[in-house]
Amino acid sequence: MKRIRNQIGSADAARSSKRVTRSETRRVEQANLQRITSILPLEFIAETLSYLEFDDMARYGRVSKAWMSALSHIGSIHVDLDGKNGKQKLKFATLRFGFLTSISIDHQCDVERTRDERIDLTSHLDQLISSSLPHLKYFRFNEKLSVRNDGKKVGSRAFRALKDATQLEGLIIRGGLVFGRDEDLKNFIDIFRCKPKLKALALFNLFSSSNAWEKADFQLFCKLVRKMHSLKRIFVRK
């Protein structure tokens, strides 16, 4: 019994020392960050951290609140929606990054997802765009594999929040978005209203499952484009 008590005591001491070690590590990390921020502006640190891969940003954010605060000032992110954790990535970005001016999304559309998973992904992408509207200047969405399979694509409703992105200067959407109804297409065209600062526009391989993009729709789109007096580059391929 005495030997067992000694072993339990040793285990408790070991766990206690681990807790102290973690606490000390956090204090050291916070002190290091405070030392860095006393020399360099927080914006410069955030710009440097923006070159990290998205998964690395998430890991740094778990180190301490101080590092999460530095990461929250990052202005540009690139999110790869491969695998099944796309929703978690978008949710993390929406909650943690409050000053985004540039969002770049790659979507692996050959990944099998259920209908609910696709709806979730569309909803979280819409929320990320909505949370970035005050500062958003550049948005890029790229389908890695362009196949005409409605079940694997992000719905066009994921981009409806871009309608209110009045500061937008660059917009690239590459890959077959699916417009299941004529209403979806009209909502998508509404994105191009009130874009006084848009300088570059590129749309590739847009696909409709309801024979949309009729002559009237395309004329409306052209009319909106003509009102973009700051537009310098445009490329559209249906």
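Owing to the predicted nature of the structure, the values given are computational and were not obtained by experimental measurement.
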* Partner set under side-chain hydrogen bond (donor to acceptor under 3.5 Å, both in side chains) for K197, not counting sequence neighbours -> Q167
* How long is the gap from CD1 on I105 to CD1 on I173, to the nearest 0.5 Å? -> 11.5 Å
* With side chain to side chain contact (heavy atoms under 4.5 Å, CB included) as the test, would you mind laying out the steps for L81 and D106 before giving the verdict? => CA-CA 6 Å; L81 301 182; D106 279 324; over 6 Å; no
Which pairs of donor and acceptor atoms, one on a side chain in residues 221-228, lie under 3.5 Å apart (sequence neighbours left out)?
none

* For D190, what residues pass the side-chain hydrogen bond (donor to acceptor under 3.5 Å, both in side chains) criterion, not counting sequence neighbours? -> R193
* Could you pull out the closest heavy-atom pair between F159 and I191, with the gap in Å? => O-CD1, 3.3 Å
Determine all donor-acceptor pairs shorter than 3.5 Å in which one atom belongs to a side chain in residues 86-100; sequence neighbours excluded.
unit_1 : atom_1 : unit_2 : atom_2 : d
K89    : NZ     : D80    : O      : 2.8
K89    : NZ     : D82    : OD1    : 3.4
T94    : OG1    : L90    : O      : 2.8

* Given side chains that start at C-beta, do those of L162 and F139 come closer than 4.5 Å, heavy atoms only? -> yes
* Asked: Can you tell me how far the CG atom of L125 sits from the CG atom of D120, to the nearest 0.5 Å?
  -> 12.5 Å
* Report, as yes or no, whether the 6.0 Å neighbourhood of atom OH on Y51 holds more than 12 heavy atoms from other residues, nucleotides or ligands. => no
* Structure fact -> Residues at least two apart in sequence or cross-chain that pass ring pair (Phe, Tyr, Trp, His ring centres under 6.0 Å) with Y138, listed by chain then number, are none
* **Which residues share a side-chain hydrogen bond (donor to acceptor under 3.5 Å, both in side chains) with S123, sequence neighbours left out** => Q127
* Inter- and intrachain pairs under salt bridge (charged side-chain N to carboxylate O under 4.0 Å, His left out), touching residues 125-136, at least two apart -> D126-R160
* All salt bridge (Lys or Arg N to Asp or Glu O under 4.0 Å) counterparts of D164, not counting sequence neighbours -> none
* To do: Begin from the C-alpha positions of H107 and N142 and carry the test side chain to side chain donor-acceptor pair (under 3.5 Å) through to its verdict.
  => CA-CA 6 Å; H107 177 232; N142 178 50; over 6 Å; no
* If you measure from CD on E169 to CG on L198, what distance do you get to the nearest 0.5 Å? -> 8.5 Å
* To do: Taking side-chain hydrogen bond (donor to acceptor under 3.5 Å, both in side chains) as the test, write out the residues that go with S104, two or more places apart.
  => R140
* Asked: Is F204 close to V236 at the side-chain level, that is, under 4.5 Å between some pair of heavy atoms?
  -> no
